[in-house]
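Structure first, commentary second.
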Number of protein chains: 2
Amino acid sequence: MVGAKIKNMEEFAAVSGISRPTVSKYFNDPESVRASTRERIEQALKTYDYRPNIYAMNQNRKLTKNIGIVVPYLADPVFAELARSLEQRCLDAGYRPTLYSSHGVQSHENDILDSLRSLKPTGVLLAALGRASDKRVIEKFCADVPTVLFDSNVEDLGLAFVGSDNPQFSNLIVDYLCRTGEPPSFFEMKSPPNPNANKRRMGYIAGMEKMGFTPQIIQAEGEGWGIEEIGLREGYKALEQGAFATNTVLCSNDRLAIGFLSACYERNLRVGRGADASIRVAGQDDHPFSRFTCPALTTIAQDYESISRETMQRLFQLIEGESQERTATFLEGKLVMRESA
Amino acid sequence: MVGAKIKNMEEFAAVSGISRPTVSKYFNDPESVRASTRERIEQALKTYDYRPNIYAMNQNRKLTKNIGIVVPYLADPVFAELARSLEQRCLDAGYRPTLYSSHGVQSHENDILDSLRSLKPTGVLLAALGRASDKRVIEKFCADVPTVLFDSNVEDLGLAFVGSDNPQFSNLIVDYLCRTGEPPSFFEMKSPPNPNANKRRMGYIAGMEKMGFTPQIIQAEGEGWGIEEIGLREGYKALEQGAFATNTVLCSNDRLAIGFLSACYERNLRVGRGADASIRVAGQDDHPFSRFTCPALTTIAQDYESISRETMQRLFQLIEGESQERTATFLEGKLVMRESA
DNA sequence: ATAAAAACTTGTCGCGCGTAAATAAATAAT
DNA sequence: ATTATTTATTTACGCGCGACAAGTTTTTAT
């Protein structure tokens, strides 16, 4: 990092002894120039601290190497984990990821897509709000920008979806719970913010019927992303009213389960599968904190790695123009047995 | 949104009947043009869907209206909450915030600052890794870009710091715990990733001495941001060895406390302040999930709103060139009494 | 050694906007 | 109405790069 300050690519080309167009070619794809040329440029890069002006670069280019990652709620550790994983993959592939959170609000989601549009991104990875999304806005956006929807499959919008096989989740855990004790009741939000909830309810019903049991669904009042709070408040009410037909409760997701466990604690119910326990509780997602609830939460683990891998893979296919028909990828979850059920 | 597609500002100026330089002026600051002119532009904006090319805009401008927000670990809900709040304030002030997470890794933090530099941001809000940060890199960055450090005060780097008054946190809760029961032992990580931990230890020691008790510090082995895991594993060990001198444990932060509560549960210890409880546990931060632990966690609440407000305020002062000497703002926390202590 | 292909050079244009200076018009003050 | 002041217009240039064409050199294949 010695040498005079380099102002632009012209000057940098001069000091590295290479012509500017070739240097430009290098920055767009280092592999596209001869090894010996690459060597000389990278040598110069070490002594003269130069970086192309990102704004000038993107002004003319069609492909900006930007990738937008949008999640509905970043304070939800499930999305934080997905976002982290996707971000890393973008960086590894040589792209510039930018992270956005809709914070559960439709107008924010719309604003993000709007602002994303002017960034001319190569592609966008979008976990939409779901029920609260403005479908027309998303549809219009998908038509303009190569977009892979992940986690929440909004009315089959866009050219690709990657997410969990939610019916399988519920099916799997219903099977486990029935085989190891009483059949579960299903505890969910009446108006869940995330569309996966509906698939899980269907999976629960199908699973119960397959096992020859009658499904029982308890719905919690309350709106929004304060899910633990709803699980606690409404779970407490349900317990108070003796609403659950059996001693086993399957929650629609781990955050609801975390709230429900609090409710059990406050009502002095011992949760677990031991003889001394009076109720079994299970969740779905394998939320990063599920391991640390009291007792540790039995759940179905989302395959975060596969979701992120498949999401990126589909995006690259879209970018490269392959396979223009709509695809939907559903990844299976694995049972994580812990103490709560 | 009818009318032909508008390609650039030239065309938009034509259809709105205003000259291009004036339109340019409008987009840089709508208030800078006469009300009647503004009216005409905004009218045209409604019928013709035009937005200035963001790359061409930023190419020449010195002030890009970009603000970078960097946190050490976005999957930590405490930082997710801070980031959310800061992001909103930036948007409200008419800036374009961009969110980055270092994921606890020094090289990532350095890469982020590097990439941030080429975005020519108006300012940066940086919660540094702390112990794992490359101080020279951060110092150099602060010299080039107006930067406000928040949450973690790294060796008095940069021109401004805003964060919690960590000694006061520990002091306050030590006082509370001593007045309501046995004096607390202090449970912390031996090598905490966040520098606030040291301040809290000092606050604990000072608080204990003020009350006339002898401090006792238990340090957990383990590195990194898997804090709950460490709290669980090392807390379990410490309980097994009877390491705590009293029945009261103050954890350095809520995430450690969440892990420690799990350890208590696994050892069948009833946590709380009731007569039937055998141990009291407290944390510090008011982590978003503290309300939902079993039992709910007594803690000291960070004043997230004030931190975010003060952080932004200091940034604007720096941008506007006021007060070039270094300032440090320390905000007090409030006691949140719940069932665990 | 020769031909063909690949990589590089030189030169030139244009992208969409910021910005500045000189001029003209609109508003405000007298 | 006249002058002073603010605001808009016209004209012109430059930013740093991508993209392209035509010519030159280097590498690879025959």
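Chain naming here is simple, since letters A, B, ... match the order of the sequence lines and numbering starts at 1 in each.
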Here the distance between atom C1' of dA20(C) and atom CG of Asn28(B), to the nearest Å, is 14 Å
Whole-Å distance, Tyr55(B) OH to dG18(C) P, equals 16 Å
Next on the checklist: Between Arg40(A) and Gln43(A), do the side chains contain a donor N or O and an acceptor N or O under 3.5 Å apart?
Outcome noted: no
To the nearest 10 degrees, the angle between the two end axes of the helix from dA1(C)-dT30(D) to dT30(C)-dA1(D) (five pairs per end) comes to 10°
Atom CE of Met57(B) and atom P of dC17(D) are separated, to the nearest Å, by 19 Å
To the nearest angstrom, the CZ-P distance between Arg40(A) and dT26(D) comes to 11 Å
Does the side chain of Ser19(A) get closer than 4.0 angstrom to OP1 or OP2 of dC8(C) through an N or O atom? no
Heavy atoms of Thr64(B) and Pro121(B) approach each other most closely as OG1-CA, 3.5 Å
Taking dT27(D), dG18(C), dG18(D) as options, the one with an atom nearest any side-chain atom of Arg34(A) is dT27(D)
- Message: Surrounding NZ of Lys135(B) (heavy atoms of other residues, nucleotides or ligands, distance under 6.0 Å), is the total greater than 12?
- Response: yes
From NZ of Lys120(A) across to P of dG18(D) the rounded distance in Å is 16 Å
_Between Phe12(B) and Tyr26(B) (judged by ring centroids, cut-off 6.0 Å), do the two rings come close enough to count as a pair?_
no
Glu81(A) bridged to Arg84(A) by N-O distance under 4.0 Å: yes
Ion pair present between Asp114(B) and Arg51(A), side-chain N to carboxylate O less than 4.0 angstrom?
-> yes
The contact string for nucleotides 11-16 of chain C, one letter per nucleotide 5' to 3', using protein heavy atoms under 4.0 Å with B, S and - for base, sugar-phosphate only and none, comes out as BB-BBB
request  = Assign the ring pair Phe27(A) / Tyr50(A) to parallel, tilted or perpendicular, where the plane angle (0 to 90°) is split at 30° and 60°.
outcome  = perpendicular
Would you call Glu305(B) and Arg89(B) a salt bridge, using N to O less than 4.0 angstrom? yes
Which of dT19(C), dA8(D), dT9(C) is nearest the side chain of Ile18(A)? It is dT9(C)
Closest to the 5' end of DNA chain D, once Asn58(A) and Arg38(B) are matched to their nearest nucleotides, is Arg38(B)
Contact class for Ser24(A) (heavy atom, under 4.0 Å): base, sugar-phosphate, or nothing? sugar-phosphate
